[in-house]
Amino acid sequence: MNSGDAAGSSSGGSGDAGAPRRASRKPKYSKFTQQELPACKPILTPKWVISVFLLVGVIFVPIGVASLLASNKVVEIVDRYDDACVPSNVTNKLAYIQNSTISKTCRRTLKVPKDMKQPIFVYYQLNNFYQNHRRYVKSRNDQQLRDASKANETTLCDPEKTRDGMAIVPCGLIAWSTFNDTYTFQHNTNNLSIDKTDISWKSDRDHKFGSDVFPKNFQKGPLIGGKTLNESIPLSEQEDLIVWMRTAALPTFRKLYGRIYVDLKENDTITVTLDNNYNTYSFDGKKSLVLSTSTWLGGKNDFLGLAYLTVGGLCFFLAFAFTLLYLIKPRLVAYKLSYTNRIKFHR
Amino acid sequence: MFTLITLYSTIIPISLYVSIEMIKFIQCAQFINNDLNMYHAESNTPALARTSNLNEELGQVEYIFSDKTGTLTRNLMEFFKCSIGGEIYGTGITEIEKGGAERAGVRIDDDEDKRSATAVHEKGFNFDDTRIMRGAWRNEPNPEACMEFFRCLAICHTVLPEGEETPEKITYQAASPDEAALVAAAKNFGFFFYRRTPTTVMVRESHVDRMGSMQDVAYEILNVLEFNSTRKRQSVVCRFPNGKLVLYCKGADNVIYERLADGNYDIKKTSREHLEQFGSAGLRTLCLAYRDLSMDQYKSWNEKFVQAKSSLRDRDKKLDEVAELIEKDLILIGCTAIEDKLQEGVPACIETLSAAGIKIWVLTGDKMETAINIAYACSLVNNDTKQFIISSETDTIREAEDRGDPVEIARVIKESVKQSLRSYLEEARRSLSNTPERKLAFIIDGRCLMYALDPALRVNLLGLSLICHSVVCCRVSPLQKAQVTSLVRKGARKITLSIGDGANDVSMIQAAHVGIGISGQEGMQAVMASDFAIAQFRYLTDLLLVHGRWSYLRLCKVITYFFYKNLTFTLTQFWFTFQTGFSGQRFYDDWFQSLYNVIFTALPVIMVGLFDKDVSASLSKKYPQLYQEGIRNTFFKWKVIAVWGFFAFYQSIVFYYFTAAASQHGHGSSGKILGQWDVSTMAFTCVVVTVNLRLLMSCNSITRWHYFSVAGSIAAWFLFIFIYSAIMTSFDRQENVYFVIYVLMSTFFFYLTLILVPVIALFGDFLYLSLQRWLFPYDYQVVQEMHKDDPHEYSMIRLPERSHLSPEEARSYAISMLPRENSKHTGFAFDSPGYESFFASQQGVCVPHKPWDVARRASMKQQRQQPQRTGRS
């Protein structure tokens with residue numbers, strides 16, 4: 001034909017002839033390698049921002065209201081007694097509490113501010129007690145607590161490991177320092193019975209503390225830390241110990257003491273007779289007695305409800321503010337868009 | 001005390017290193033190597049990442065150092081257009097014109113199929129015009145001029161033919177590809193130069209009058225007035241078979257115009273316009289002229305010539321003087337335009353890169369004119385650009401050279417370099433403050449550069465180069481290329497990138513932060529020395545603007561996120577410390593802490609490192625300005641880290657105090673109390689959920705892999721804790737968390753906290769992100785919003801699967817398969833073999849001096865290759 005075609009076909013021919021010979025190294029198409037995986041591209045446009053705020057508000061406010069209502073239904077009596085239960089003539093509280101010869105029985109009168117439905121939970125609350133101190137937390141041996149055959153396992157239990165060469169069961173600081181104040185309640189001269197069963201989590205009773213492990217050599221040293229245990233009762237039934245040994249996260253904590261199955265009326269008075277044995281005076285700890293009812297949410301806890309309400313309210317406010325901003329002022333991005341269009345992206 | 005410090009060891013993200021290595025490796029091995037946009041079909045070369053630790057630097061490059069030959073250009077000269085007797089011939093459109101038209105919004109259809117049947121495309125010739133092809137020039141208004149034009153092309157050169165003496169088979173050996181292109185053009189116009197003897201040039205001409213018939217004509221070559229850089233022209237005195245004496249001359253336009261005879265102002269004027277037109281299209285131009293000589297004239301001149309030639313002192317100078325005597329009163333025939341073929345898409349690519357804020361420096365061994373020409377062609381320099389030129393080809397330096405004292409020469413050059421650097425620097429600063437819009441270019445040659453790189457002048461050199469938008473260094477040696485690169489690398493403290501194709505670019509490639517080799521060609525040295533290898537210069541756009549930018553964004557995100565998640569986690573521990581009497585008690589179980597980085601938060605961040613895309617690849621290239629965010633390192637500034645740090649601080653407070661408050665009250669209707677490990681497990685659950693959700697919030701694009709990995713990580717935590725707290729082992733302290741999760745899940749409180757805490761924790765981030773986008777959006781966010789309604793793009797649509805090469809591809813494949821010139825000389829107009837390269841002599845390469853040495857060299861080359869065949873000369 002003509003030279004143009006000839007040149008084209010000859011080069012094309014060589015290309016074609018060459019193509020099969022050389023293995024193509026053309027990459028295979030896949031969405032992964034070409035980085036084209038289908039994706040949703042969330043952009044925080046005003047509409048999205050406002051809707052998210054509204055959504056959160058709509059969800060949170062009812063939850064907040066419900067929690068707050070539940071919390072308000074709870075009636076709680078807190079009575080701090082560590083100072084009050086030391087006679088006013090005692091100057092050295094530490095010596096007083098360490099002197100085991102003095103009877104430390106103390107009487108407190110509590111007024112019921114509102115009707116309290118049963119069950120009424122009895123807690124003791126300690127302040128400034130570092131149950132979460134590293135050495136304290138460490139000072140126990142779980143195998144010994146669980147397994148009778150491992151009674152001599154006292155590793156990590158320093159400094160309460162052995163007494164006269166004999167392993168202490170339960171060993172360790174935690175068990176040694178079990179809380180040992182006791183409370184008895186009187187309502188209109190009737191003694192209120194305290195139910196002290198099922199105050200610990202079931203999993204602890206069943207699995208962490210053996211039903212065939214009995215206390216041995218416990219609190220036999222010169223320094224008595226706290227509660228003494230009845231050596232004929234297995235650990236799995238020593239619920240005060242079990243409760244105590246589920247260490248608290250913060251230096252201020254409550255622990256369940258027992259339950260009272262009696263309804264109390266407003267303005268009833270309750271007389272508490274307590275044995276003030278536990279030494280918190282050496283470290284300025286406070287002791288309080290707490291009587292509280294409970295709801296589906298638990299004890300008195302305004303915090304959760306308030307948090308929900310605050311966040312929900314804030315969301316509504318922000319949704320409103322953003323909407324206002326959106327309506328009053330054309331969106332600043334849009335402004336910048338047109339600006340950058342003109343300045344930066346203009347070719 | 002030591003126990004306390006070890007608690008915070010989690011702030012050190014040990015898994016960061018592994019994650020980043022993994023991300024970078026996949027980015028290289030899967031994304032860069034497999035990118036179809038960077039696959040060159042003609043040479044069958046995909047991109048190749050040879051190292052995997054420079055990905056993010058690809059997104060921050062501010063200076064590109066590029067070689068010219070083989071990188072920007074194909075080193076392929078093609079006869080493209082001509083102007084004969086005041087008429088332009090040739091219909092081709094250069095890349096630059098295409099680029100200009102596209103900028104103006106005109107789409108030029110350059111479809112091969114639509115070109116006329118007369119179009120010829122072969123080595124050195126890419127021309128199409130029915131008016132003069134195939135003998136049609138006889139019907140043109142000025143056939144005489146056409147004939148002279150073609151004859152001049154066929155006679156006035158120092159080319160050697162090789163191979164069979166047919167138009168199809170013959171090859172031309174020339175010192176520069178320009179010359180070969182011109183002779184090839186003559187061949188295609190019907191003036192086939194096929195044989196050279198020491199005294200004659202044999203041309204097979206189509207008959208002047210009768211079309212179709214051929215005649216062999218022997219032109220006797222009487223004298224050759226060779227090319228050199230001062231003369232910038234070349235002449236041949238020949239005797240026609242009928243005894244007529246003619247001098248043919250070709251050379252640079254200004255040199256030829258000075259020597260034209262009076263008269264013919266029209267042609268001179270139109271030709272001048274044509275020259276400018278060619279020049280602006282990026283073509284290399286030459287003027288052709290002739291002069292009829294009478295016998296007497298010639299004889300008297302030839303005596304002087306012989307005398308000059310046989311003189312022993314200052315022969316070159318005397319020869320030049322003699323040549324001046326006869327090269328006058330010339331008659332202009334026309335001019336040629338040769339395209340120094342740029343690689344495909346180079347001007348567009350360079351323009352995109354400049355728009356991206358990248359400064360491009362051309363470092364070449366070529367002559368200054370060539371380099372400037374290419375700079376024009378690549379739109380690095382245009383007519384509005386202010387040029388600062390430091391050249392060793394000035395009168396003062398030449399004078400010093402004539403005196404011949406090397407110490408004196410060095411002193412003079414150094415002095416002039418010093419002065420011009422200082423004055424240029426001032427001028428550049430003034431220009432920058434007065435007219436910041438004006439582009440500045442700095443051009444320096446290797447010899448001056450040698451002195452400018454002197455420690456005393458270095459500061460000025462760097463200052464001037466950094467002000468200028470583009471810098472061209474010509475006549476530089478490989479070592480100087482490396483010196484310039486490291487000067488900027490160290491002086492400017494910016495990320496530098498070098499790109500080159502040959503062994504002479506290796507040092508430069510190694511000196512820069514990122515080295516890129518052009519692959520798919522003969523030499524492998526550059527590729528072996530490089531960090532990334534691509535087949536074409538234009539793929540830099542994809543490599544930098546798409547892969548580099550994404551990698552940078554992703555790695556910034558991964559690193560800041562790692563910082564955030566570890567800081568958040570560790571700070572919760574930190575707050576706990578205050579309430580344990582600084583005893584060093586751990587807040588979390590050891591296993592929680594160990595697996596936090598390894599399992600519960602590991603995978604999603606890798607997904608972000610692989611898949612996060614702010615804008616699509618095509619938008620990245622459409623808005624090159626986005627790249628500047630990388631150059632400015634916008635996403636890894638102290639400010640960014642501080643914001644993450646602040647929110648880590650805020651979130652950790654939320655996590656710790658909101659969950660810790662739980663231990664103070666009874667929860668659930670049983671009134672039982674939660675212990676320390678219940679609280680820490682609850683806090684840990686909140687941390688894992690929040691940190692994973694926070695990742696989703698910072699994603700620009702969420703693929704299903706993101707969902708899988710985030711949901712999987714959270715699920716993995718629950719699965720782990722369900723199993724872990726259900727079993728009892730004899731391992732130390734494991735009983736602490738026994739049954740914890742089940743205890744927690746028996747309370748409403750746990751669920752309410754699990755909703756509340758992440759929402760409050762993320763509330764701050766969400767507010768910040770919305771306000772930031774609303775009030776101070778990043779550029780990419782602006783682009784995102786501009787294109788948020790665009791449909792999802794697949795390159796499948798853009799790149800249909802092709803089993804065969806398209807005609808266009810076949811054509812460019814054919815071009816790429818053409819043998820490349822490996823001449824040391826390439827240059828403006830044409831380089832004659834008489835030109836001696838500064839570096840060639842430095843390197844001890846002996847370059848022939850005389851025109852006829854070309855023949856000897858060619859024949860020697862031939863002998864070397866095929867000993868049985870002897871050279872033609």
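Proteins come first, then strands; the chains are lettered A, B, ... in the order of their sequence lines, and each starts at number 1.
Classified by interplanar angle (parallel below 30°, tilted 30° to 60°, perpendicular above 60°), the ring pair B:F611/B:W705 is parallel. Ring planes of A:W244 and A:F179: parallel class, angle under 30° (limits at 30 and 60°). Ring-plane geometry between B:F578 and B:F582 is classed as perpendicular, the angle between the planes exceeding 60 degrees on a 0 to 90 degree scale with a lower cut at 30.
Contacts between A:D198 and chain B at a heavy-atom distance below 4.5 Å involve backbone atoms as well as side-chain atoms. Using a 4.5 Å cut-off between heavy atoms, A:S203 contacts chain B through both its backbone and its side chain. At a 4.5 Å heavy-atom cutoff, the contact between B:F31 and chain A is made by backbone and side-chain atoms alike. Interface residue B:F576: only side-chain heavy atoms are found under 4.5 Å from chain A. Proximity to chain B (any heavy atom under 4.5 Å) is shown, for A:K208, by both the backbone and the side chain. Within the 4.5 angstrom heavy-atom criterion, only side-chain atoms of B:D678, from C-beta onward, approach chain A. Residue A:Y136: no heavy atom, backbone or side chain, is found under 4.5 Å from chain B. With a 4.5 Å cut-off on non-hydrogen atoms, B:I755 touches chain A through its backbone and its side chain both. If you measure heavy-atom distances from B:S746 to chain A, the contacts under 4.5 Å come from the side chain alone. Heavy atoms closer than 4.5 Å to chain B are found in both the backbone and the side chain of A:F322. A:L297 touches chain B through backbone and side chain together, each having a heavy atom under 4.5 Å away.
B:T580 and A:N132 are not linked by any side-chain donor-acceptor pair at a separation below 3.5 angstrom, with hydrogens and angles left out of the test. With no hydrogens or angles considered, a side-chain donor-acceptor pair links B:Y39 and B:N44 at under 3.5 Å. There is a side-chain donor-acceptor pair under 3.5 Å between A:E36 and A:Y29.
With hydrogens and angles ignored, the 3.5 Å screen pairs a side-chain donor or acceptor of B:K672 with a backbone N or O of A:S200. Proximity of a side-chain donor or acceptor of A:D195 to a complementary backbone N or O of A:R259 within less than 3.5 Å is not detected.
For A:F317, the CZ atom sits in a loose shell: 12 or fewer heavy atoms of surrounding residues, nucleotides or ligands are nearer than 6.0 Å. Counting non-hydrogen atoms of other residues, nucleotides and ligands closer than 6.0 Å to CZ of A:F303 gives a total above 12.
Interface summary for chain A: among B:D614, B:T747, B:L696, B:N700, the most heavy-atom pairs under 4.5 angstrom belong to B:N700. Comparing A:K255, A:K202, A:K300 by heavy-atom pairs within less than 4.5 Å of chain B, the highest count is held by A:K300. Between chain B and the residues A:V56, A:I63, A:V74, A:L318, the most heavy-atom pairs under 4.5 angstrom are made by A:L318. Taking chain B as the reference chain and counting heavy-atom pairs below 4.5 Å, the highest number among A:G299, A:S292, A:S294, A:P119 is found for A:S294. When each of B:I32, B:D35, B:L771 is scored by its heavy-atom pairs under 4.5 Å with chain A, the top score falls to B:D35. Interface summary for chain B: among A:Y308, A:F121, A:W296, the most heavy-atom pairs under 4.5 angstrom belong to A:Y308. Taking B:S670, B:A29, B:S680, B:G581 one by one and counting their heavy-atom pairs under 4.5 Å with chain A, the maximum is reached by B:S670.
Under the side-chain hydrogen bond (donor to acceptor under 3.5 Å, both in side chains) criterion, A:T293 pairs with no residue, sequence neighbours left out.
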